[in-house]
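Notes for the one structure printed next.
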Amino acid sequence: MPGVEVTTQRLCRATLRGPWLAAGIVALHPMSEKHWKSVVSQSVCDYFFEAQEKAADVENVPPVISTPHHYLISIYRDKLFFVSVIQTEVPPLFVIEFLHRVADTFQDYFGECSEAAIKDNVVIVYELLEEMLDNGFPLATESNILKELIKPPTILRSVVNSITGSSNVGDTLPTGQLSNIPWRRAGVKYTNNEAYFDVVEEIDAIIDKSGSTVFAEIQGVIDACIKLSGMPDLSLSFMNPRLLDDVSFHPCIRFKRWESERVLSFIPPDGNFRLISYRVSSQNLVAIPVYVKHSISFKENSSCGRFDITIGPKQNMGKTIEAITVTVHMPKVVLNMNLTPTQGSYTFDPVTKVLTWDVGKITPQKLPSLKGLVNLQSGAPKPEENPSLNIQFKIQQLAISGLKVNRLDMYGEKYKPFKGVKYVTKAGKFQVRT
Amino acid sequence: MSSNSFAYNEQSGGGEATELGQEATSTISPSGAFGLFSSDMKKNEDLKQMLESNKDSAKLDAMKRIVGMIAKGKNASELFPAVVKNVASKNIEIKKLVYVYLVRYAEEQQDLALLSISTFQRALKDPNQLIRASALRVLSSIRVPIIVPIMMLAIKEASADLSPYVRKNAAHAIQKLYSLDPEQKEMLIEIIEKLLKDKSTLVAGSVVMAFEEVCPDRIDLIHKNYRKLCNLLVDVEEWGQVVIIHMLTRYARTQFVSPWKEGDGLEDNEKDFYDSDEEQKEKADKRKRPYTMDPDHRLLIRNTKPLLQSRNAAVVMAVAQLYWHIAPKSEAGIISKSLVRLLRSNREVQYIVLQNIATMSIQRKGMFEPYLKSFYVRSTDPTMIKILKLEILTNLANEANISTLLREFQTYVKSQDKQFAAATIQTIGRCATSITEVSDTCLNGLVCLLSNRDEIVVAESVVVIKKLLQMQPIQHGEIIKHMAKLLDSITVPVARASILWLIGENCERVPKIAPDVLRKTAKSFTSEDDLVKLQILNLGAKLYLTNSKQTKLLTQYILNLGKYDQNYDIRDRTRFIRQLIVPNEKSGALSKYAKKIFLAQKPAPLLESPFKDRDHFQLGTLSHTLNTKATGYLELSNWPEVAPDPSVRNVEVIELAKEWTPAGKAKKENPDEKFYSESEEEEDSSESSSDSESASGSESGEDEEEDHSGDSGEDSGESGSESEAGKGRAAKHAKARGKGDSKDVDKEKENSKSSESSSGESSSIEESSSDSESESESESESESRTITKVSTPVFVPGKTHVLLHRMSGKGLAAHYFFPRQPCIFGDKMVSVQITLNNTTDQKIENIHVGGKKLPMGMQMHVFNPIESLEPAGSITVSVGIDFCDSTQTASFQLCTKDDCFSVNIQPPVGELLLPVAMSEKDFKKEQGMLSGMNETSTTIIAAPQNFASSVILQKVVNVANVGVVPSGQDNVHRFAAKTVHSGSLMLVTVELKEGSTAQLIINTEKTVIGSVLLRELKPVLSQG
């Protein structure tokens, strides 16, 4: 079973056990583990491997597994499993959320959360986990605090450290840890003070066979990149805040202010962070920017079928739709596909049966299409359902909900920051049933 | 290194290990060269040498490699002695890595571990709080029973540490010690009790965690801290929030009566759901007139609401389960939106949230109906998610939406994911039984599926159809015939068994087919699955009883086959059936009833949700997810019939605390207020008055700290500083409201008046206007137990300062002075009175405050514009300025109709204080807490006459707005005050010494202000 071997080698385990999360491991197979409280035998992971084998698809490994003495809670991210071993009752989301925070931190520190990155930085991983968890209870999970405690590795620093023997570990308690704004570190200084906001909206939609919308909604986030000196107090207001139906906030946002004035007022963390994520009220009709014409058919008792899809712009608000990709999970009986795109390029992976068509931009004069023949396994019954099309696209400088930032004000600091807002609309889980 | 890996191979054996070892070499040893030279005999020698070298860099390198070994699960215990020597290293990174090593191996090498203990004991006294905390962390992680007493002592000391960070670590250490030695429980409970009183948001989560771990049944410890926890909740870090919410949910279920009225069921919910939140609440209130919710119950529900907006899924889920378990059913609706939002998150979160929604949607459909479409399945969802979504869709199905759903199900049935398709078929079956209108449609649809090409789909359909037919007494002869035909093609055992059972059950309705089926299956009997064999036996028996003429021989043949079957169940069954149906001399009375036994009316199976029985577990718990009781699961108790005494939650000095919120009262947001003003009216406004801010400014950070350090007078201080925290929040909110809209304030005042008038618990007389007179009266009546109680100023100096000279103000002159009264505009503000004089011979019109240039954090409440000022007229107005406890200048523009003048107000440090009445004992206690860094002192030399009590008193109060502390000694004068903005205590002591010297001591956390005050007092006191 080569497939399974690959995944086990890629297995990364964070085993945390004890009353809540106590002892733990973060580990690459073969092992990078961290124990809190007493040491857990590695054999506990066998239960996990077993479940993984049973699930066949990594996506289907149950996040919570019960074993005779422990409970295993795992997350799957970036082709790695992080597993935590639990001994007693705990809200499973607590653990899941924490493991994701761990993965986020690795991502933040090493630029990627991969097997190689964790292996290369095993000591930092260890030091990080030591700070993040004490006796199974999360201690410091804010990136700003952690970075003051343990400096992220850079090439320059590791060179300097190896020569001077100085360390990556800070020796004072980060100020944030004690203050009421634990997310911001003190003494931030920049020569260029900048504040950028990316308003990213994703359209989740299910379009049925006939082209009508079964379900559509807009999910948005505002990601911020704030590089401002000192302790700036920002307030961000919108032209049409009522659009935002359901919002979740970064802890820095003053909830009161939003409740009363619909203004986002906050002292930002330093660096990149997600300010809010929101859902646009479902009463609003969602504009669907693309349409797909499709005709996919498999002939009875023959080893071929026809495949023909065309993509066109619909309500695109006068903006170009770019970076379109179409992904189709073809039925298992499909052997190969012979297609001709009028634009872009396509690939078909005969093992996973995934067809990917990289379209690029839509030019309304000549709509991109992909046509051709499908080779089926001979003798096998024809697939009864046509595969659904997953579409990705991007529209720059447009928030499809119409959300607009009104202004950004800064208090508390004297300098004039450079401010910028960018809007992008993307396809989220955008599926066309055929 | 390679030697090391060989060693590892030997230990673990197995081919894989070789590979692992090699990998380890390449990844973790930056200096792989060592590996080349070391041999098997002296493994790890190199590491030992490096550890013993003088260079930190070599040591660090060695430690890193050792940690790498631990991380890879290799045994590095033999290095213990070499490593432990470095525990006292100056290099913080080496130190930390040694800690890591020590915690891992101390249990195995107890004797050697003891060598390191003294180092930790020393580090526990380190001035650096980070070192103190990490020493405690490591010490408590060393699982060596001998050091239990040392740990106990360390925890005790740390729990009284000045740094909340150290106290937080102490709370963690409690759990560790408890698991090491449960004997210590009683002592640990004492410490928990003490830490529960802590006001720091940093400590709250950890100590509640310790509470849950050590003594979850000691609910009595929570009473006094309940309100505090509710109020602190928003400011606690997110992990702590989860723990506290879960604990408070349990607490609420034991302390309050049920808010769920009889009949407050589904219907209500459905109706309410479409209404907006406010309406819903109003309605809820109207309905609930006879039942009044305990104000503390309401407090919890209200204070958790903003947390639904948290970015942390665990927090949102925790609040959701709290609402589910303790909120009135009509209010629980608000959680659905947030839960649906979580479905956008990663698959693990989706999985857990969907499970919980599934449980909820069985009981209260209405909650999630509006979000039906959010549960539509995408072909890219993992199967487990798909099936959970399907489960929820089924639960939500009703007459109104079933047609849409069935159309959606049609798509699912065709899915390539066969497991999912099969689940959909079961779902259709469930819909058919629950919604009778569509049962025929469903049945027809399922029959169509029988001709599906996929066997799994067909098999599942057969099973479901069987169940449906069993439930419906109507005859479906055609369907049965159709299914009998399927028997030739279908191979899935469950489906075959189902068909056979169905035919057997209805054998009299299909008299021609049934015997034929039996004939066919008799032929294939030996090759059938056990499940099918049993059903063949059943069919035979039934036919034998109803149609023995045609089937007698066949049945006997089958029984003979069964007699020699490999499976003992089948042999058993065969024997049983033979005795029962074939009459012989031995068979008893039972065989007479054979027909009744076999062809009895069988109860229809109930098609139920697998989530039906999960609701007895608390939502959001591991036990709920697994549907079995996990170790350590704490049962959620049922609501008590009669609420236990609510007064246990009252904090002793509550009245006093109340007295002191003159300005705070003006804002109903003051969370403290809510205790008393719980009432229907208040509930209506709960939307706007909700719960403290989660994100507060930097000033509030100071607040929190001041709070807990200022009040370690334990119970006596408790409510006092609690009210301060509340105040802080209110002021923050006022700030957020923008630059003082006085109308707004008035309105709020009214509101609060009304809410107060209806207050049930408070017995004190309310006066919503801030009148310091009445305040001080009530204070003198009550025993002075709070320390931070504000008293009237001892003395108000008449000194005025020039704000705007008439020459530069074109005839407008302005003076200001500090009336030393609590500011009515905000309790963090200093009140300033400005007297405006018109020295011209014309009217000056429209005098108002123009642009303000305030340093960061400073706030100013301006006076209402003065329409006109007659010549030679004068008018006095008050403004409030929040100086943020600094002597920074507040600059603003004083404008008239024609001109603008820039003016400044710089407060003398003494005006940034409010006097505090306090007993000598309290004073000393507080002073003890504020020693070290927080103390500044100087020596004063002056003529003896200057040291007369009255003179000192006069001088001190002239400079600063402090309160006099009654002193038992003649030679010591004590004064107490607190800073206006943050409420930090400021303790001034003048101690007369021999000769003409005196010692002036100031204790405060606000060391800057303290030293400024010291500088100002010194010359004043030494002057003649």
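Residue numbers start from 1 in every chain, and the chains themselves are labelled A, B, ... in the order their sequence lines are given, proteins ahead of strands.
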Sort [X] into side chain, backbone, both or neither according to what part of it lies under 4.5 angstrom from a heavy atom of chain A.
X: B/Thr628; result: neither
X: B/Tyr351; result: side chain
X: B/Gln355; result: neither
X: B/Val377; result: backbone
X: B/Lys59; result: neither
X: B/Val340; result: both
X: B/Ser140; result: neither
X: B/Thr621; result: both

With rounding to the nearest 0.5 angstrom, report the [atom1] to [atom2] distance, [X] to [Y].
X: A/Asp204; Y: B/Lys373; atom1: CG; atom2: NZ; value: 14.0 Å
X: B/Ser623; Y: A/Tyr71; atom1: OG; atom2: OH; value: 7.0 Å
X: B/Ser379; Y: A/Arg433; atom1: OG; atom2: CZ; value: 8.0 Å
X: A/Gln87; Y: B/Ser179; atom1: CD; atom2: OG; value: 9.0 Å
X: B/Arg347; Y: A/Arg77; atom1: CZ; atom2: CZ; value: 12.5 Å

Check: [Y] and [X] side chains under 4.5 Å, non-hydrogen atoms:
X: A/Ile253; Y: B/Gln309; value: no
X: A/Leu139; Y: B/Lys168; value: yes
X: A/Glu142; Y: B/Glu237; value: no
X: A/Val123; Y: B/Met63; value: no
X: B/Val242; Y: A/Leu93; value: no

Does any heavy atom of chain B fall under 4.5 Å from the side chain of [X], the backbone, both, or neither of them?
X: A/Val263; value: neither
X: A/Met410; value: neither
X: A/Asn390; value: side chain
X: A/Arg101; value: side chain
X: A/Glu97; value: both
X: A/Lys414; value: neither

State whether [X] and [Y] are salt-bridged, where the test is any N-O pair (Lys NZ or Arg NE/NH1/NH2 against Asp/Glu carboxylate O) under 4.0 Å.
X: A/Asp246; Y: B/Arg341; answer: yes
X: B/Lys96; Y: A/Glu131; answer: yes
X: A/Glu259; Y: B/Lys305; answer: no
X: A/Asp208; Y: B/Arg407; answer: no

Discussion item. Using the ring centroid of each side chain, check whether B/Trp239 and A/Phe137 are separated by less than 6.0 Å.
Written reply: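 Ring centres of A/Phe137 and B/Trp239 not closer than 6.0 Å.
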Among [options], which residue forms the greatest number of heavy-atom pairs with chain A at distances under 4.5 Å?
options: B/Lys414, B/Gln321, B/Arg311; result: B/Arg311
options: B/Lys95, B/Arg378, B/His172, B/Lys629; result: B/Arg378
options: B/Gln416, B/Arg137, B/Glu238; result: B/Arg137
options: B/Glu408, B/Met317, B/His624; result: B/Glu408
options: B/Leu342, B/Thr411, B/Ile385; result: B/Thr411
options: B/Leu308, B/Asn169, B/Ile352, B/Val315; result: B/Ile352

Worksheet item: Is the CD atom of A/Glu413 crowded by more than 12 outside heavy atoms at less than 6.0 Å?
Response: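 Check passes, neighbour count above 12.
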Practice prompt. Just do the side-chain contact (heavy atoms from CB on, under 4.5 Å) check on B/Lys337 and A/Arg279 with the steps written out, would you?
Written response: CA-CA 10 Å; B/Lys337 198 196 261 183; A/Arg279 200 173 58 203; 3.5 Å; yes
Worksheet item: When heavy-atom pairs shorter than 4.5 Å are enumerated against chain B, which of A/Glu202, A/Lys332, A/Lys429, A/His329 gives the highest number?
Response: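 Most heavy-atom pairs under 4.5 Å with chain B: A/Lys429.
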Item to complete: Look at the aromatic rings of A/Phe215 and B/Tyr376 and report parallel, tilted or perpendicular, splitting at 30° and 60°.
Response: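 A/Phe215 vs B/Tyr376 ring planes: tilted.
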Item to complete: Pick out which of A/Ile75, A/Ile73, A/Val64 makes a side chain to side chain contact (heavy atoms under 4.5 Å, CB included) with B/Glu348.
Response: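 Looking at A/Ile75, A/Ile73, A/Val64, the match for B/Glu348 under the side chain to side chain contact (heavy atoms under 4.5 Å, CB included) is A/Ile75.
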Fill in: A/Tyr126 and B/Leu97: CA distance, side-chain angles, deciding distance, side-chain contact (heavy atoms from CB on, under 4.5 Å) verdict
CA-CA 9 Å; A/Tyr126 231 83; B/Leu97 293 175; 5.8 Å; no
Worksheet item: Does A/Glu89 use its side chain to pair, donor to acceptor, with the backbone of B/Leu622 at less than 3.5 Å?
Response: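 Flag set: sc A/Glu89 to bb B/Leu622 pair under 3.5 Å.
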